[in-house]
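If you read the sequence from its start, that first residue is 1, and numbering goes on from there.
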Amino acid sequence: MDTPIIRHHIKSCTGLSRRRFLGAAAVLSGTLAIGTTLAAFAPSRAWALATTHLNQRQAETILAMGKALYPHKDLPDAVYAILVKDIDVQMGDSKQAALLTEGIQGLNRQAGGTFARLPLEKQTELLRQIEGESFFQAVRGQCVTSIYDNDMAYRHFGYEGEVWSRGGYLARGFNDLHWLPDPPEQASPSMKS
């Protein structure tokens with residue numbers, strides 16, 4: 001069903017034009033849970049990512065691989081989708097595209113069909129079997145940057161980002177370890193002079 005309301009929703013929530021959305025090789029989408037840090041700051045709870053090179057199955061495999069390699073219970077798929085976007089860009093290079101395509105096919109073959117549909121324990125087991133391969137290393141390496149070096153991850157994990165330009169960390173939570181379970185008092189001393 002295609003209506004003007006749906007076309008407007010797709011464009012406003014995803015930043016995609018209708019033509020780009022319909023012409024995409026794959027589209028990943030979802031919503032941010034109400035009450036989460038990201039939902040409070042996002043312009044919309046709905047998100048979508050269109051790929052240029054990765055097909056739907058490949059995109060879902062990379063998303064699942066990122067979630068299995070770096071699992072965080074409450075980290076929304078929208079953050080993991082950045083990995084898919086970055087891998088999709090790498091597919092523009094023919095050598096990297098061959099490595100990634102073969103790796104994704106092999107992973108799905110090992111999964112007996114679709115890696116993304118396996119339980120996390122089985123995904124982890126399969127990933128351990130290929131951790132020495134170039135494909136695994138390429139995706140794992142990209143995960144670090146894609147998943148953790150972005151504003152959505154910063155918000156989720158409570159990282160304020162660069163504060164040098166705002167006077168440094170001294171008065172901006174250098175001693176605030178609320179993100180750790182029960183930090184010892186000496187790890188978060190008061191700022192008394």
Side-chain angles (χ1 to χ4, degrees), residues 2 6-7 9-32 38 42-44 46-72 75-120 122-157:
D2 182 32
I6 291 173
R7 282 194 303 269
H9 181 71
I10 290 169
K11 189 169 184 175
S12 66
C13 293
T14 66
L16 300 173
S17 68
R18 180 174 181 266
R19 181 179 307 256
R20 169 103 166 89
F21 186 81
L22 295 175
V27 176
L28 299 175
S29 63
T31 57
L32 300 172
L38 295 182
S44 171
W47 65 270
L49 170 83
T51 64
T52 304
H53 305 287
L54 293 169
N55 64 35
Q56 192 69 34
R57 184 173 180 184
Q58 291 170 326
E60 290 170 358
T61 300
I62 294 296
L63 183 77
M65 190 174 173
K67 291 172 67 174
L69 288 171
Y70 295 93
H72 294 282
L75 189 63
D77 284 356
V79 177
Y80 290 103
I82 296 169
L83 169 66
V84 175
K85 175 188 69 74
D86 292 342
I87 293 290
D88 187 56
V89 169
Q90 291 180 18
M91 295 287 283
D93 173 81
S94 60
K95 186 177 178 182
Q96 192 70 358
L99 172 76
L100 294 166
T101 300
E102 290 170 18
I104 292 167
Q105 288 172 346
L107 192 56
N108 281 317
R109 194 171 32 257
Q110 282 185 288
T114 307
F115 176 81
R117 292 196 182 132
L118 294 176
L120 179 60
K122 183 65 176 168
Q123 289 176 344
T124 304
E125 179 184 317
L126 290 176
L127 291 172
R128 281 193 178 117
Q129 293 174 17
I130 65 165
E131 65 186 345
E133 296 179 14
S134 297
F135 162 69
F136 176 91
Q137 295 301 324
V139 175
R140 184 201 55 79
Q142 187 61 55
C143 282
V144 174
T145 304
S146 299
I147 296 171
Y148 298 109
D149 190 13
N150 65 75
D151 290 336
M152 288 191 295
Y154 295 167
R155 291 245 187 232
H156 176 80
F157 293 116

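Two residues are said to be in side-chain contact when any heavy atoms from C-beta on lie closer than 4.5 Å; Ile147 and Leu69 fail this criterion. You'll find the side chain of His156 reaches within 4.5 Å of the side chain of Pro76, heavy atoms only. Side-chain contact check for Asp88 versus Gln58: every heavy-atom pair is 4.5 Å or farther apart.
Across Ala59 and Thr51, no two heavy atoms sit closer than the pair CB-CG2, 4.4 Å.
The aromatic ring centroids of His72 and Tyr148 lie less than 6.0 Å from each other.
By the side-chain hydrogen bond (donor to acceptor under 3.5 Å, both in side chains) test, Tyr70 is found to be paired with no residue, residues two or more places apart in sequence or in another chain being considered. Partners of Lys85 according to the side-chain hydrogen bond (donor to acceptor under 3.5 Å, both in side chains) rule, which considers only residues two or more places apart in sequence or in another chain, do not exist here. Residues satisfying the side-chain hydrogen bond (donor to acceptor under 3.5 Å, both in side chains) criterion with Gln123, sequence neighbours excluded, are absent altogether. In this structure Glu125 satisfies the side-chain hydrogen bond (donor to acceptor under 3.5 Å, both in side chains) test together with Lys122, sequence neighbours excluded. A search for side chain to side chain contact (heavy atoms under 4.5 Å, CB included) contacts involving Asp86 returns Ile82, Gln142, Ser146, not counting sequence neighbours.
One finds the OG1 atom of Thr52 at 11.0 Å from the CE atom of Met91 (value rounded to the nearest 0.5 Å). Here Phe157 contributes atom CZ and Met152 contributes atom CE; the two are 11.5 Å apart, rounded to the nearest 0.5 Å. Separating the CG atom in Asn55 from the CD atom in Glu60 is a distance of 9.0 Å, to the nearest 0.5 Å. Note that OH of Tyr80 is 4.5 Å distant from CG of Leu75, once rounded to the nearest 0.5 Å. Here Lys67 contributes atom NZ and Asp77 contributes atom CG; the two are 3.5 Å apart, rounded to the nearest 0.5 Å.
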Which atom pairs, one a donor and one an acceptor, fall under 3.5 Å between side chains of residues 97-118 and the rest of the protein, sequence neighbours left out?
from: Thr101; atom 1: OG1; to: Ala97; atom 2: O; distance (Å): 2.7
from: Asn108; atom 1: OD1; to: Thr61; atom 2: OG1; distance (Å): 3.4
from: Asn108; atom 1: OD1; to: Phe115; atom 2: N; distance (Å): 2.8
from: Asn108; atom 1: ND2; to: Thr61; atom 2: OG1; distance (Å): 3.1
from: Asn108; atom 1: ND2; to: Ile104; atom 2: O; distance (Å): 3.3
from: Gln110; atom 1: NE2; to: Gln129; atom 2: OE1; distance (Å): 3.2

